[in-house]
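Heads up: the structure comes next, in structure tokens.
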Amino acid sequence: MEIHIVTDAAEGAQAVADVFARTLQETAEAGTVLGLATGSSPVPAYTELIRRHREEGLSFAGARAFLLDEYVGLSAGHEQSYHRFIRENFTAHVDIDDAAVLSPDGSTADPAAEAAAYDRRISEAGGVDLQILGIGSNGHIAFNEPSSSLASRTRVVGLTRRTIADNARFFENPEDVPVRALSQGLGTIREARRIVLTATGEGKAEAVAQLVEGPISARWPATSLQLHPEVTVVVDEAAASRLELADYYRHTRRLEQAGSVTPHS
Ligand code: F6R
């Protein structure tokens, strides 16, 4: 894993946007496939990507995108659907074709069939070139809550009380927060060729420490990313505050920047 400890959200957004720009450059000819997360963590990076699109000509033309997850029971047009969130916060502001931004259909009558079909659609698109992730305070990625199989595929999941409470801030009433979601599985996510995970704030510090330094375990689903060869973790000082080896990561980062070690070793 490559660990970037940054001073603030703005520096983190630059680091994440750099990974997007590099991936777009490398894969544009074949048609970049992006994996997109919702939630608050990626928003500064999306804002920076929109700025680069407008001011520097960074282009998403020809790209396709797959969202990580969607609430069961919310239609695409619902104010709190992830379908809508990603458009409002990112894709409507860049030159990606709206029809090429896909998410699981939360309003389907058969969520299990929709989950299986969504997983197949990702494979049929050739897989994801770059997946951006946030992390839940309980270590979930997408909505793979603790106890998720490390080999899991896209499926219907029940949300923990903690996740429901964490997400209640987006809803008018706590009882309006859906209790189930369609979520890419840990096995599905790990098939992405490159992953960048971003987190800020003390509330994520334990999950980040487990992700980077903990034993691989279904108790902290994000630890399954340790099995992936190309993960970049971008965290601010508060989210990095429980990393035992933070000084080592800073040192390695300086060596990488100087070109004297190769990232992702
Ligand atoms: C969102 C998602 C979730 C969030 C996580 C962190 O698509 O899959 O795993 O990334 O819950 O959420 P925020 O960024 O709002 O703290």
Side-chain angles (χ1 to χ4, degrees), residues 1-3 19 33-39 41-42 66-72 82 103-104 111-164 166-167 179-199 204-235 239 242-245 249 264-265:
M1 277 186 187
E2 200 179 312
I3 320 296
V19 181
V33 180
L34 296 170
L36 300 179
T38 57
S41 305
F66 287 90
L67 264 66
L68 277 174
D69 40 22
E70 182 59 276
Y71 289 119
V72 171
Y82 286 173
S103 47
E114 169 64 9
Y118 191 72
D119 209 282
R120 263 197 316 277
R121 261 175 258 150
I122 298 171
S123 302
E124 284 162 10
V128 168
D129 293 306
L130 172 63
Q131 176 66 59
I132 180 168
L133 297 173
I135 185 169
S137 57
N138 65 358
H140 73 216
I141 50 173
F143 277 131
N144 294 284
E145 300 284 32
S147 82
S148 293
S149 161
L150 304 185
S152 51
R153 310 298 310 179
T154 305
R155 66 203 186 289
V156 181
V157 293
L159 306 182
T160 62
R161 281 179 204 271
R162 186 160 169 190
T163 299
I164 294 167
D166 283 352
N167 290 353
V179 296
R180 291 188 304 156
L182 282 152
S183 176
Q184 285 190 35
L186 295 171
T188 317
I189 292 169
R190 277 202 317 279
E191 283 171 7
R193 286 178 274 283
R194 179 176 285 158
I195 294 177
V196 60
L197 182 147
T198 183
K204 300 292 175 70
E206 187 180 8
V208 167
Q210 293 290 340
L211 154 70
V212 178
E213 297 173 343
I216 295 175
S217 152
R219 172 63 187 86
W220 295 94
T223 59
S224 69
L225 297 178
Q226 292 174 21
L227 296 167
H228 192 284
E230 199 178 332
V231 178
T232 302
V233 176
V234 179
V235 283
R242 295 206 202 168
L243 288 170
E244 269 181 40
L245 303 180
Y249 309 137
H264 302 296
S265 48

Check [X] against [Y] and note the closest heavy-atom contact, atom names and distance.
X	Y	result
Asp119	Arg153	OD1-NH2, 2.8 Å
Gly35	Val128	N-CG1, 3.5 Å
Ser224	Ile216	CA-CG2, 4.4 Å
Ala222	Ile135	CB-CD1, 3.6 Å
Gly134	Ala37	N-CB, 4.3 Å
Arg194	Val19	CD-CG1, 3.8 Å

- Message: Distance alone, cut at 3.5 Å: any donor-acceptor contact between the side chains of Ser103 and Glu70?
- Response: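 Ser103 vs Glu70: no donor-acceptor pair found between side chains.
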- Does a donor on one side chain and an acceptor on the other come within less than 3.5 Å for Arg155 and Asn144?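 Yes, a side-chain donor-acceptor pair sits under 3.5 Å.
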For [Y], is there any backbone N or O sitting under 3.5 Å from a side-chain donor or acceptor partner on [X]?
X	Y	answer
Glu213	Glu244	yes
His140	Leu159	no
Thr223	Gly214	no

Distance (rounded to the nearest 0.5 Å) between [X] [atom1] and [Y] [atom2]:
X	Y	atom1	atom2	answer
Gln131	Glu191	CD	CD	11.5 Å
Thr154	Asp69	OG1	CG	10.0 Å
Ile189	Ile141	CD1	CD1	4.5 Å
Tyr249	Ile3	OH	CD1	6.0 Å
Ile122	Leu67	CD1	CG	10.0 Å
Leu34	Asp129	CG	CG	7.5 Å

- Query: Does a side-chain heavy-atom distance below 4.5 Å link Arg219 with Ser147?
  - Reply: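 Counting from C-beta outward, Arg219 and Ser147 never come under 4.5 Å.
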- Item | Any side-chain heavy-atom pair of Leu211 and Trp220 under 4.5 Å |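 No, side chains not in contact.
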- Task: Assess whether side chain to side chain contact (heavy atoms under 4.5 Å, CB included) is satisfied between Arg193 and Glu230, documenting all intermediate values.
- Result: CA-CA 7 Å; Arg193 286 178 274 283; Glu230 199 178 332; over 6 Å; no
- Mark yes when over 12 heavy atoms from residues, nucleotides or ligands other than Arg180 sit less than 6.0 Å from its CZ; otherwise mark no.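 Atom CZ in Arg180 is not packed in, count stays at 12 or less.
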- Task: Show the numbers, then the answer: is there a side chain to side chain contact (heavy atoms under 4.5 Å, CB included) between Val196 and Thr198?
- Result: CA-CA 7 Å; Val196 60; Thr198 183; 5.6 Å; no
- Query: side chain to side chain contact (heavy atoms under 4.5 Å, CB included) with Leu68: which of Ile132, Leu36, Leu133?
  - Reply: Leu133
- Sort out for me which residue in Glu206, Lys204, Arg162 forms a side chain to side chain donor-acceptor pair (under 3.5 Å) with Ser137. Arg162
- Message: Check the orientation of Tyr118 and Phe66. Use parallel for under 30°, tilted for 30 to 60°, and perpendicular for over 60°.
- Response: perpendicular
- Task: Show the numbers, then the answer: is there a salt bridge (Lys or Arg N to Asp or Glu O under 4.0 Å) between Glu145 and Arg161?
- Result: CA-CA 11 Å; Glu145 300 284 32; Arg161 281 179 204 271; over 6 Å; no
